[in-house]
Asker: 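Would you mind keeping the following structure in view while I ask a few things?
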There are 2 protein chains.
Amino acid sequence: MIDRNTVETTLKEAGYKLTNQRKAILDVLFEHQNHFLTADDIYLRTKTKYAQTNFSTIYRNLETLVKLDIIHKTNIQDDASSYELVCHNSHHHHIICKGCGKTEAIDFCPLEEFHGKIHDKNFTLTDHKFELYGYCSKCQKQNSGKE
Amino acid sequence: MIDRNTVETTLKEAGYKLTNQRKAILDVLFEHQNHFLTADDIYLRTKTKYAQTNFSTIYRNLETLVKLDIIHKTNIQDDASSYELVCHNSHHHHIICKGCGKTEAIDFCPLEEFHGKIHDKNFTLTDHKFELYGYCSKCQKQNSGKE
DNA sequence: CTTCGTGCAAAAAATTTGCATCCGT
DNA sequence: ACGGATGCAAATTTTTTGCACGAAG
């Protein structure tokens, strides 16, 4: 698990300042560990903590945090971009709830299996994505009610 | 491999008409099998075949084709949406070149392995994504030259 | 001739940027 | 005081929509 201090230290060491807006964004991210939030979500929630926060600031900071590997960015189901704190140090993947963005880390990485089976001379691999989508128990109940 | 006739039949059976714009878009997609193209790419290329083609038409048609499972949509590296003809009937995944969008199908599906190892009671899985990213032999050469 | 599809223009949504000012160190 | 960070407004980029006209079956 990552902690607040580590994150703040990482930022400082990279030459970034600890502004109130930045802190508010981190607050939001820490309050929603294991959940992907859209930029808009983060904007709205950050605003409740630091009212004058601006969308540009959010985007600029999210970009910074991604660069420093403090947060993780993905596109749930090819829609809008979502962000989540990187909570684990080791390489892992996610199960993601399409309803609420809740995530769960999974240790299994298909690449190991894959390497054993296939060797492709035409591609030099740089990275990969393995994501499972579904509904968490909570969203499942809500959905079954609707349909 | 999917063929042009099958696609046209699928469209007709679903009650869609075979317009010139639609044909031009299919031309482009068939000329770029195993490549992800952005909506913009498709727009530009379709325009050379049918000059008055409009962006709205492109988006509306891509949406239709996705719905009919004729094309596949993804976000290469969380950036813009890209589309590719679905060329294989069986379930499979992709290796995707970050340079040119070229893809290669891989038969390996990590889900089988995964199911054997992990059973998660908190999530009902609906679908998944497994994508490998890298550079194809061509783009690799170009990149090594640049940097 | 009926229904679906298209172009156009405009709106909406998502993201980025320039610049003057502000704030953390 | 210096340099990064922010707010604001405006520009871009991406995607969607309403509507009248045109075209496919």
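Letters go in sequence order (proteins before strands), and every chain restarts at 1. Predicted model only: the values in this text are computed from it and were never measured.
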Asker: How many Å lie between NZ on B:Lys23 and P on D:dA23, as a whole number?
Answerer: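 My rounded result for the distance is 13 Å.
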Asker: How about A:His93 and A:His128: are their ring centroids closer than 6.0 Å?
Answerer: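 Between A:His128 and A:His93, which both carry aromatic rings, the centre distance is below 6.0 Å.
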Asker: Considering every strand and a 4.0 Å limit on heavy-atom distances, what is the contact class for B:Thr53: base, sugar-phosphate, or nothing?
Answerer: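 Sugar-phosphate, backbone atoms only, no base.
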Asker: Atom OH of B:Tyr43 and atom P of C:dT6: how far apart are they, to the nearest Å?
Answerer: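 Rounded to whole Å, this separation is 14 Å.
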Asker: A:Gln21 has an atom CD; how far is it from atom C1' of C:dG24, in whole Å?
Answerer: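 The answer, rounded to whole Å, is 11 Å.
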Asker: Starting at the 5' end of DNA chain C, which residue's closest nucleotide do you reach first, B:Gly15 or B:Tyr50?
Answerer: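 Of the two residues, B:Gly15 wins.
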Asker: Give a yes/no answer on whether the side chain of B:Ser81 brings an N or O atom under 4.0 Å of OP1 or OP2 in D:dT15.
Answerer: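 So the side-chain polar atoms of B:Ser81 do come within 4.0 Å of the phosphate oxygens OP1 or OP2 of D:dT15, strictly under.
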Asker: Should A:Glu84 and A:His94 count as side-chain neighbours, where that means a heavy-atom distance under 4.5 Å?
Answerer: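 The answer is yes; the side chains approach within 4.5 Å.
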Asker: Nearest 0.5 Å, what's the CZ-CG distance between A:Arg60 and A:Leu65?
Answerer: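 Output value for this atom pair is 14.0 Å.
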Asker: In whole Å, I'd like the distance from the CG atom of A:Leu26 to the C1' atom of D:dA5.
Answerer: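 The answer, rounded to whole Å, is 14 Å.
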Asker: What's the CG-P distance between B:Asn54 and D:dG22, to the nearest Å?
Answerer: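 Rounding to the nearest Å, CG of B:Asn54 and P of D:dG22 are 16 Å apart.
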Asker: Taking the side chain from A:Thr10 and the backbone from A:Thr6, do they hold a donor-acceptor pair closer than 3.5 Å?
Answerer: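 At least one qualifying donor-acceptor pair exists.
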Asker: For C:dC4, does either OP1 or OP2 sit under 4.0 Å from a side-chain N or O belonging to B:Thr19?
Answerer: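 No, B:Thr19 has no side-chain N/O under 4.0 Å of OP1/OP2 on C:dC4.
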Asker: Using atom NZ of B:Lys73 as one end and atom P of D:dT15 as the other, report the distance to the nearest whole Å.
Answerer: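 Rounded to the whole Å, the gap is 7 Å.
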Asker: Which residue lies toward the 5' end of DNA chain D, B:Ser56 or B:Lys17, if each is placed at its nearest nucleotide?
Answerer: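 Result of the comparison: B:Ser56.
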Asker: Whole angstroms only, please: what is the CD1-P distance between B:Ile58 and C:dC8?
Answerer: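 Taking atom P of C:dC8 as the reference, CD1 of B:Ile58 is at 13 Å.
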Asker: Mapping B:Tyr16 and A:Phe55 onto DNA chain D by nearest heavy atom, which one lands closer to the 5' end?
Answerer: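 Comparing both residues, the 5'-ward one is A:Phe55.
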Asker: Check the distance between D:dC8's C1' and A:Tyr59's OH and give it to me in whole angstrom.
Answerer: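 For the pair A:Tyr59 OH and D:dC8 C1', the rounded distance is 17 Å.
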Asker: So what does A:Asp40 hit on the nucleic acid, given a heavy-atom distance under 4.0 Å: a base, only sugar-phosphate, or nothing?
Answerer: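 Contact class for A:Asp40: none.
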Asker: Is any side-chain heavy atom of A:Thr46 closer than 4.5 Å to one of A:Gln21?
Answerer: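 Answer no - side chains too far apart.
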Asker: So which nucleotide from D:dT6, C:dC4, D:dT17 ends up closest to the side chain of B:Arg60?
Answerer: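 Side chain of B:Arg60 sits closest to D:dT17.
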Asker: Does a side-chain N or O of B:Asn20 approach OP1 or OP2 of C:dT6 to a distance below 4.0 Å, or not?
Answerer: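 No, because none of the side-chain N or O atoms of B:Asn20 sits under 4.0 Å from OP1 or OP2 of C:dT6.
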Asker: Counting heavy atoms from C-beta on, name the nucleotide in D:dT16, D:dG7, C:dT25 closest to the side chain of A:Leu18.
Answerer: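 So the side chain of A:Leu18 is nearest to C:dT25.
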